[in-house]
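Take a look at the structure set out below.
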Number of protein chains: 2
Amino acid sequence: MAQVKPMRADARRNRERLLRAAAGVFAEHGAGASLDDIARRAEVGTGTLYRHFPTRQALLEAVYLESVEAIAARADTIAAARQPGAALVAWLGELAVGMLQVRGLKALLGTAVTGAEAVAGRADGADRADRACGDCVRGAAERLVRAAQEAGAVRGDVAPIDVLRLVHGVVTACESAGETDGTAVRRYLSLLMEGLTRA
Amino acid sequence: MAQVKPMRADARRNRERLLRAAAGVFAEHGAGASLDDIARRAEVGTGTLYRHFPTRQALLEAVYLESVEAIAARADTIAAARQPGAALVAWLGELAVGMLQVRGLKALLGTAVTGAEAVAGRADGADRADRACGDCVRGAAERLVRAAQEAGAVRGDVAPIDVLRLVHGVVTACESAGETDGTAVRRYLSLLMEGLTRA
DNA sequence: ACCTGAACACCGTTCAAGT
DNA sequence: ACCTGAACACCGTTCAAGT
């Protein structure tokens with residue numbers, strides 16, 4: 001229901017410029033980067049940024065939507081090529097590496113996927129936009145986790161959302177370790193799968 | 001080596017006021033609360049706050065030092081009363097609940113315990129102060145993890161720091177789930193110990 | 001309909017002036 | 001030696017004025 005009428009030419013152009021600028025600035029300074037910076041780099045008034053993206057989350061969502069969709073799509077590709085248990089692990093690995101290496105992706109998915117959000121905001125359009133990214137990832141996770149559970153490869157008493165939250169936690173663990181390469185994340189991920197118990 | 005000379009009476013009093021005010025404000029608004037607020041509530045100039053606590057981390061450290069020491073001390077109490085494996089799990093549970101319920105404690109331990117810190121800061125006094133809290137918790141974790149490993153209750157290929165990072169991640173998972181009561185954290189913790197694999 | 005940029009409120013940090 | 005609070009730089013957000 002979003003955009004029935006096409007945007008005015010200058011609006012469309014400014015939106016494009018903002019997205020490009022935001023991608024660059026987020027990549028350089030992380031998801032908390034200055035919005036002023038983004039508007040300046042896009043050569044656009046700050047008000048214009050707010051008109052197009054009323055919240056930082058909305059901007060993050062727009063910038064990373066394609067990446068998120070690509071990750072979600074990978075779930076089906078992987079599921080078709082592997083056993084359910086191995087497929088889940090492989091996909092979680094790709095997801096985690098993405099969150100770790102693409103700055104901003106973790107911030108976006110952290111709030112979009114895991115549910116609870118900041119205290120300040122009311123449930124408005126921004127939340128709706130979040131859901132686009134969140135649904136994508138949650139849907140993929142649900143398919144893979146359910147399949148793995150039916151195949152007896154994953155415990156039946158964990159929900160897909162639990163798995164996503166724990167992966168988010170694992171990525172946080174890697175960040176605080178200062179290890180942003182894939183090997184560290186994969187190691188923590190396998191610890192999570194197999195558990196710390198047992199010698 | 002810190003304070004050879006005793007502080008001037010007014011300085012000591014202001015330090016006390018700042019700590020009390022900070023504890024209150026952190027409890028109300030979280031670890032990112034306004035430092036101005038704290039100075040105002042302590043009825044002290046902002047410069048005084050900076051004189052006593054040059055960084056937010058230094059202030060967090062001072063406010064929560066006693067809590068952290070208490071948690072670390074619990075490790076030995078628990079270790080004396082239980083089998084090594086059960087002791088580790090019990091202590092990690094207490095640690096996680098503390099980080100989840102005492103606002104600010106997670107922020108403090110997140111950076112103090114897990115090692116890597118913000119990009120901006122140089123390695124100065126604040127880092128040294130961090131280490132007081134960090135050493136406390138790391139030391140306790142090392143004793144419990146080593147004991148559990150020797151008893152064959154925990155895999156040998158995980159380091160104590162890995163365990164702390166993963167617990168930090170689990171707490172993050174709980175936060176994003178909006179569940180701040182102990183049961184949620186204990187559940188995630190047991191998932192971490194036993195692993196997600198196996199039906 | 002959309003854009004602009006000044007204006008406002010807020011915060012962290014520093015420092016000259018005071019005692 | 002320590003305290004104070006004004007001053008500065010920066011950021012997010014809004015909105016009256018423009019096209």
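As the structure is a computational prediction, the values presented were derived from the model and not from experiment. Naming: A, B, ... by sequence-line order, numbering from 1 per chain.
Qualifying salt bridge (charged side-chain N to carboxylate O under 4.0 Å, His left out) partners for B:Arg13, counting only residues two or more places apart in sequence or in other chains: none. Shown here are the salt bridge (charged side-chain N to carboxylate O under 4.0 Å, His left out) partners of A:Arg146, two or more places apart in sequence or in another chain: there are none. Residues satisfying the side chain to side chain donor-acceptor pair (under 3.5 Å) test with B:Gln83, not counting sequence neighbours, are none. Every residue was checked against the salt bridge (charged side-chain N to carboxylate O under 4.0 Å, His left out) condition with B:Asp181, not counting sequence neighbours, and none meets it.
Put simply, CZ on A:Arg17 is 18 Å from P on C:dC2, counting in whole angstrom units. Nucleotide C:dA1 holds its P atom 17 Å from the CG atom of A:Asn14, rounded to whole Å. Rounded to an integer number of Å, the gap from CD of B:Glu43 to P of D:dC3 is 15 Å. Atom CG of B:Asp10 and atom C1' of C:dG18 are 14 Å apart (whole Å).
Between A:Glu179 and A:Arg187 no salt bridge is recorded (no basic side-chain N to carboxylate O distance below 4.0 Å).
Residues A:Leu109 and A:Val68 meet the side-chain proximity criterion, which asks for heavy atoms closer than 4.5 Å.
Put simply, CZ on B:Arg103 and CD on B:Glu175 are 9.0 Å apart, with the number rounded to the nearest 0.5 Å.
Mapping B:Arg8 and B:Arg13 onto DNA chain D by nearest heavy atom places B:Arg8 at the nucleotide closer to the 5' end.
Side chain of A:Asn14 to main chain of A:Ala11: no donor-acceptor pair is present (N/O by atom type, distance under 3.5 Å, no hydrogens or angles).
When the nucleotides D:dC3, C:dC3, D:dT4 are ranked by their closest atom to the side chain of A:Arg51, C:dC3 comes out on top.
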So which protein N/O to nucleotides 10-13 of chain C N/O distances come out below 3.5 Å?
| residue | atom | partner | partner atom | Å |
| --- | --- | --- | --- | --- |
| C:dG12 | OP1 | B:Leu35 | N | 3.4 |
| C:dG12 | OP2 | B:Ser34 | OG | 3.3 |
| C:dG12 | OP2 | B:Leu35 | N | 2.9 |
| C:dG12 | OP2 | B:Asp36 | N | 3.4 |
| C:dT13 | OP2 | B:Tyr50 | OH | 2.7 |
| C:dT13 | O5' | B:Tyr50 | OH | 3.4 |

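For C:dC2, the OP1/OP2 oxygens have no side-chain nitrogen or oxygen of A:His52 closer than 4.0 Å.
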* Structure fact -> Its dot-bracket string being built from Watson-Crick and G-U pairs below 3.5 Å, with | for another strand and [ ] for crossing, DNA chain D has the pattern ||.|||||...|||||.||
